[in-house]
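The structure appears below as structure tokens.
Numbers here simply count residues along the sequence, with the first being 1. Note that ligands are numbered from 1 as they come in the structure, with each ligand's atoms numbered from 1 the same way.
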Amino acid sequence: MNKENRINYSFAEMKGIYERPETLNNFARERMERVKRLLKDREKYSCPSSCKLCCYGSILMSYTEFTYIMVNMQENWNMNDLQRIFEQKVGLLQDDRRALLCPFLDEKASQKHCLIYHARPLICRVFGTTAAACNEPIEPSFLDEEAFYFAYNLLYYSGEQFIALNLDEKIALYEAPFALWCLADDSSESRAYLIRLLEIEGDSLQGVLYDRPNNSFFVLEDGFKKGFSEP
Ligand code: SF4
Ligand code: SF4
């Protein structure tokens, strides 16, 4: 990472993230459309339209959600806007450098501040509900745990198997902010960069990693590995 609070990688030059197999794109489409249908009548928010505080948290997503966002942008955005996001926003860190800033947050907008609202990940859909209550004085809408975990499993699992992307023979990425998925997905070069970044910084920027030989999940914080059982 460099002084301007950004992961020092040329995200704008990435090619591999645009060239996923169509089977993978279709899987992400199918799963995310099911999640949208499941939550459709439950997405009732009482948030002020100008509020975007929860967008400043660490926005973690599965590989399925990352893929869906990419598909959606490739289908609906023009190339200039897409390039601009990767040049200017992907990889920016929040002020405390402990988390990545969501690249799709339009900080200047007084409302409609999400650039990918219809493709936003699950966590953003449940902000403002009982599944992810915030500190603002709102009445969170009710979201039953069962529905939330059903949606989660649709995105993080394929059958009985959780979805993770191998970085090398030892580590896989299970859940991460958008920029880390770009690095994990683009090329062997970007994956090698991500592994070096994890080693040097000793911080997985809240991304959840999978230790393949030891069959366990962990995050890296200040050089320490914090493990936990299957999320
Ligand atoms: S994807 Fe949209 S809703 Fe989610 S954090 Fe980013 S700007 Fe906010
Ligand atoms: S969930 Fe809370 S922080 Fe997020 S937009 Fe609603 S009121 Fe604001």
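Ion pairing between Glu75 and Arg29 holds under the 4.0 Å rule for side-chain N and carboxylate O. A salt bridge links Asp211 with Lys225: the distance from a Lys NZ or Arg NE/NH1/NH2 to an Asp or Glu carboxylate oxygen falls below 4.0 Å. Ionic pairing of Arg98 and Asp222 is present here: one or more N-O contacts between side-chain nitrogen and carboxylate oxygen are shorter than 4.0 angstrom. Comment: Asp186 does not engage Lys15 in a salt bridge, judged by the lack of any side-chain N to carboxylate O separation of less than 4.0 angstrom. Between Glu199 and Arg196, no side-chain nitrogen of the basic residue sits less than 4.0 Å from a carboxylate oxygen of the acidic one, so the salt-bridge criterion is not met. A salt bridge links Arg34 with Glu30: the distance from a Lys NZ or Arg NE/NH1/NH2 to an Asp or Glu carboxylate oxygen falls below 4.0 Å.
Here is the list of ligand 2 atoms found below 4.0 Å of a heavy atom in Gly128: 1 (S). Annotation for ligand 2: atoms under 4.0 Å from non-hydrogen atoms of Cys47 are 1 (S), 5 (S), 6 (Fe), 7 (S). Listed by atom number, the atoms of ligand 2 under 4.0 Å from Leu53 heavy atoms are 3 (S). In the vicinity of Glu136, heavy-atom distances shorter than 4.0 Å reach the ligand 2 atoms 2 (Fe), 3 (S), 7 (S).
In the displayed structure, Glu22 atom CD is contacted under 6.0 Å by more than 12 heavy atoms of other residues, nucleotides or ligands.
A ring-centre distance under 6.0 Å is found for Tyr193 and Tyr9. Tyr156 has its ring centre less than 6.0 Å from the ring centre of Tyr174.
Summary of contacts: the protein heavy atom closest to atom 8 (Fe) of ligand 2 is Cys51 SG, 2.2 Å. Remark: minimum distance from atom 2 (Fe) of ligand 2 to any protein heavy atom is reached at Cys134 SG, 2.3 Å.
Residue-and-atom listing of protein N/O/S atoms under 2.8 Å from atom 4 (Fe) of ligand 1, sorted by chain and number: Cys124 SG.
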